[in-house]
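Reading through the structure tokens given below for one structure.
Sequence lines set the chain letters: A, B, ... in the order given, protein chains first and strands last, and positions in each chain run from 1. Just so we're clear, the structure is a prediction, and the values are computed from it rather than from any experiment.
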Amino acid sequence: MEDNQIPSYRVNHLRQLESEAIYILRETAAQFEKPALLFSGGKDSIVMAHLARKAFFPAKLPFPLLHVDTGHNFEETIQYRDNYAEELRADLVVGLVQDSIDKGTAIEEKGANASRNALQTVTLLECLEEQQYDAALGGGRRDEEKARAKERFFSHRDDFGQWDPKNQRPELWNIFNGRKHHGEHFRIFPLSNWTEMDVWQYIKAEEIPLPNLYFAHTREVVHRNGAMLATSEIVQPQPGEKVETLQVRFRTIGDMTCTGAVLSDADDLDKIIQEVASARETERGTRADDKRSETAMEDRKKEGYF
Amino acid sequence: MMEEETFSTEGYLDMDLLRFTTAGSVDDGKSTLIGRLLYDSKNTFDDQIEAVEKTSKSRGDENVNLALLTDGLRAEREQGITIDVAYRYFATPKRKFIIADTPGHIQYTRNMVTGASTANLAIILVDARHGVIEQTMRHAFIANLLRIRHVILAVNKMDLVDYEESAFNKIVDQFKTFASRLDNIVDLTPIPISALKGDNVVDQSKNMPWYAGPTMLYHLEHVYIGTDQNHVEARFPVQWVIRPHSDEYHDFRGYAGRVAGGVFRPGDEVVIEPSGFKSKIKSIEDFSGPQAETFAPLSSTITLENNVDVSRGDMIVKVNNPPQKSQEIEAMICWFSEEKNLIPKGKYYLRHTTKEVKAVVQEVRYKININNLHKIEDDSDFGLNEIGRVSIRTSAPLLFDSYRRNRTTGSFVLIDLQTNETVAAGMII
């Protein structure tokens with residue numbers, strides 16, 4: 001500080017969001033017996049894990065990372081997940097959708113558009129119940145989708161894991177009520193107030209490493225239902241479908257069967273930020289799972305989706 | 001979102017955050033106003049606009065209905081209403097905005113209170129044809145109760161009164177007469193708009209040359225909110241104790257929390273309340289290293305010189321500047337529960353900063369008829385959406401400031417012992 005300079009207590013919006021998210025993460029650790037942080041290897045859950053590291057530094061995370069693995073993830077995602085968990089010295093718990101299918105609690109969809117996206121809910125709820133987690137931290141943001149705009153920071157779920165949007169607890173100031181009955185749990189969203197741009201700016205400011213999938217690369221894709229899906233053992237081109245090798249990247253990372261690529265030459269964070277700033281489509285516009293109906297997200301959330 | 005011009009990361013990182021809430025009666029055009037703000041400031045996406053165009057068409061709307069941009073749940077679209085508080089986000093190169101979009105129905109006072117609790121500014125909408133009505137006064141009263149200092153009185157639908165200056169002035173006068181009794185509102189900015197046509201929302205209206213003031217967006221971008229945080233009275237509610245138990249940090253004990261007021265620096269003499277133990281701040285820790293200071297609203301970790309007993313719910317404060325400490329408080333509350341009314345002498349959990357205690361509502365002093373601000377003194381039956389003053393006794397001392405001085409250390413909620421529902425919001429007098 002220079003001499004005679006008047007101290008500044010101005011806090012820019014990104015630091016305010018960071019402070020709020022850290023506050024929520026600490027409230028979660030304090031109010032619940034056994035929380036878990038839902039970690040998918042996507043950028044939002046990566047940012048959330050990074051914030052958790054800051055919230056409890058120099059101690060380790062007081063909760064494990066929980067990944068619901070559809071078995072249809074990109075290899076890069078799984079590799080990143082394992083490395084990042086090790087770097088954080090965090091416990092990693094993996095729930096396999098395949099296990100639910102084998103048990104018969106989840107039934108695989110059929111046909112070319114089959115996706116295990118909806119099945120994740122079954123496995124997630126089974127995991128929470130088996131491990132007796134009473135709070136699951138999610139990276140959902142209210143700007144992502146209209147049903148998510150109605151979500152609380154501390155979102156109550158009944159003993160069937162269901163969300164009742166018409167009967168949510170009011171949240172005032174920064175007081176969060178995590179009281180619950182046995183068998184109920186909470187979903188907690190520390191990034192509620194962040195936008196896609198905030199997440200990218202924060203990743204840049206904090207120099208958080210990301211899976212390569214987010215950066216432009218050359219890849220074989222198949223055009224399906226207006227989206228470009230990466231070809232793989234799981235996504236095999238059907239007769240009549242157009243296959244091309246293009247320079248692409250992914251704006252969101254989820255199941256290979258429903259995460260579309262976008263044409264892009266953004267191979268570093270600065271270029272991605274420019275691309276996000278001029279994007280004319282919402283982030284989830286590349287997600288086939290949201291396009292199934294106008295209320296696809298609302299319906300899935302009520303059932304207990306992320 | 002910006003087109004063509006290059007996006008500036010440096011500019012982005014320099015932005016402030018402004019939280020505002022919107023209040024208006026049904027059909028005052030609140031959703032249209034928010035839709036207009038988002039659309040004209042280029043914060044909407046093509047796929048959103050396409051979806052709105054599609055829905056407008058299928059419903060037989062004449063124009064593209066920008067209000068649909070803010071619709072959320074299925075029931076809302078079906079019934080054309082807003083059920084609950086929804087949060088919206090947009091940014092201009094000056095500021096990032098968080099809108100708490102709350103419905104205007106008379107039965108949703110609790111939602112407006114919720115939305116207002118974190119807002120710096122409130123936009124109160126009035127229909128230019130109807131002027132100030134009971135609900136307008138209700139909205140102004142709530143904004144004042146929740147200590148929102150900045151209010152925009154948005155006189156909407158000016159296109160339906162031929163953009164007449166006299167219509168606008170009459171409403172502003174009506175509002176001022178009422179609002180003069182609301183002493184937390186220190187900054188009132190009346191703006192004549194048409195959300196439907198876009199007058200004075202983002203772009204200056206050509207239809208009202210008599211209006212020389214700012215557009216709504218310009219005002220939102222420039223209103224001064226620097227004094228909204230209390231940087232004088234140092235308050236640090238302890239949230240969590242960090243003990244790494246590692247070789248490297250063997251004896252480390254850090255007190256994690258979010259500064260609720262004032263400034264803390266290493267070397268400061270502090271008192272741990274409620275025990276009253278004294279200590280000195282040894283360091284302020286952060287992932288990126290030791291910090292020179294911390295202040296509201298930052299989340300930090302404080303270490304102390306000596307090993308005193310500190311746990312969640314305690315408060316670290318500076319010597320000579322203590323909060324109030326008492327088991328008896330006087331507060332304004334707003335009742336939130338649909339199922340149960342306030343039970344006289346009933347027990348509740350009271351959650352205040354990071355502390356939770358049991359509490360008894362001793363007495364209802366009075367309720368307020370918020371349509372005319374009259375006190376009701378002979379009726380202690382307290383139900384959904386009612387606001388009034390109560391006295392409360394707690395099972396352990398609370399460390400607090402008046403809500404007027406500090407929104408964080410002056411606020412609490414009451415929780416039902418059986419259902420765990422949040423049944424009331426309180427502001428300490």
Given side chain to side chain contact (heavy atoms under 4.5 Å, CB included), test A:Trp194 with B:Tyr89 step by step and report yes or no. CA-CA 8 Å; A:Trp194 297 51; B:Tyr89 304 86; over 6 Å; no
Atom NZ in A:Lys150, atom OH in B:Tyr87: separation rounded to 0.5 Å? 10.5 Å
For atom NE2 of A:His181, is the number of surrounding heavy atoms from other residues, nucleotides or ligands below 6.0 Å larger than 12? yes
Non-hydrogen atoms of chain B under 4.5 Å away: do they reach the side chain of A:Asn174, the backbone, both or neither? side chain
dist B:Asn420:CG -> A:Asn177:CG (nearest 0.5 Å) comes out at 6.5 Å
Quick one: of A:Gln16, A:Arg142, A:Lys180, who has the most non-hydrogen atom pairs under 4.5 Å with chain B? A:Arg142
Kindly check if the number of other-residue, nucleotide or ligand heavy atoms within 6.0 Å of NZ (A:Lys34) is above 12? yes
Within the distance-only criterion (no hydrogens, no angle test), does the side chain of B:Arg95 pair as donor or acceptor with the backbone N or O of A:His13 below 3.5 angstrom? no
Pick from A:His156, A:Glu18, A:Lys204, A:Glu171: which one has the most heavy-atom pairs with chain B under 4.5 Å? A:Glu171
Closest-packed option against chain A by number of heavy-atom pairs under 4.5 Å, given B:Val423, B:Val263, B:Thr301, B:Thr408: B:Val263
Given a strict heavy-atom distance threshold of 4.5 Å, which part of A:Ala55 is in contact with chain B: side chain, backbone, both, or neither? backbone
What part of B:Val113 is in contact with chain A, defined as an atom under 4.5 angstrom from a non-hydrogen atom: side chain, backbone, both or neither? both
Working to the nearest 0.5 angstrom, can you tell me the gap between B:Trp240 CH2 and A:Leu25 CG? 11.5 Å
Please work out whether the ring planes of A:Trp173 and B:Tyr403 are parallel, tilted or perpendicular, with thresholds of 30° and 60°. perpendicular
Would you name the heavy atoms of A:Pro58 and B:Pro244 that are closest together and state the gap between them? CG-CG, 3.8 Å
I'd like to verify something: which residue of A:Asn193, A:Ile273, A:Ile175, A:Asp270 has the highest number of heavy-atom pairs under 4.5 Å with chain B? A:Asn193
Grab the two heavy atoms, one from A:Tyr23 and one from B:Ser299, that are nearest each other, plus how far apart they are. N-OG, 3.8 Å
Which portion of B:Ile242 sits near chain A, non-hydrogen atoms under 4.5 angstrom: side chain
Select, from B:Gly426, B:Ser246, B:Ser288, B:Ala296, the one with the greatest count of heavy-atom pairs under 4.5 Å involving chain A. B:Gly426
For the interface with chain A, which of B:Glu338, B:Glu356, B:Glu285 has the highest count of heavy-atom pairs at distances below 4.5 Å? B:Glu356
With only heavy atoms counted, which part of B:Leu18 is less than 4.5 Å from chain A, the side chain, the backbone, both or neither? neither
A:Lys54 atom NZ: more than 12 heavy-atom contacts under 6.0 Å: yes
Segment of B:Phe90 engaging chain A (4.5 angstrom heavy-atom cut-off): neither
Apply side chain to side chain contact (heavy atoms under 4.5 Å, CB included) to residues A:Arg179 and B:Glu421 and explain how you reach the verdict. CA-CA 8 Å; A:Arg179 287 202 156 265; B:Glu421 296 299 323; over 6 Å; no
Looking at B:Arg19, B:Arg243, B:Arg407, B:His245, which makes the most heavy-atom pairs under 4.5 Å with chain A? B:Arg19
From A:Gln168 atom CD to B:Asn111 atom CG, the distance as rounded to the nearest 0.5 Å: 10.0 Å
Passes side chain to side chain contact (heavy atoms under 4.5 Å, CB included), B:Phe295 versus A:Val11? Steps please. CA-CA 9 Å; B:Phe295 48 88; A:Val11 179; 3.5 Å; yes
Considering only heavy atoms, which portion of B:Arg351 lies under 4.5 Å from any heavy atom of chain A: side chain, backbone, both, or neither? both
For B:Phe252, is it the side chain, the backbone, both or neither that has a heavy atom under 4.5 Å from a heavy atom of chain A? side chain
Where does B:Glu248 contact chain A at under 4.5 Å (heavy atoms): side chain, backbone, both or neither? neither
What do the steps show when you test B:Arg258 against A:Glu20 for salt bridge (Lys or Arg N to Asp or Glu O under 4.0 Å), and what is the final call? CA-CA 8 Å; B:Arg258 193 177 191 191; A:Glu20 176 181 81; 5.2 Å; no
Is there a side chain to side chain contact (heavy atoms under 4.5 Å, CB included) between A:Leu17 and B:Lys96 once you walk through the steps? CA-CA 11 Å; A:Leu17 293 175; B:Lys96 167 170 168 145; 3.9 Å; yes
Is there a side-chain contact between B:Arg312 and A:Glu27, using heavy atoms and a 4.5 Å cut-off? yes
State whether the side chain of B:Thr114 and the backbone N or O of A:Leu172 hold a donor-acceptor pair below 3.5 Å, judged by distance alone. no
Please check if atom NZ in A:Lys60 has more than 12 non-hydrogen atoms from other residues, nucleotides or ligands closer than 6.0 Å. no
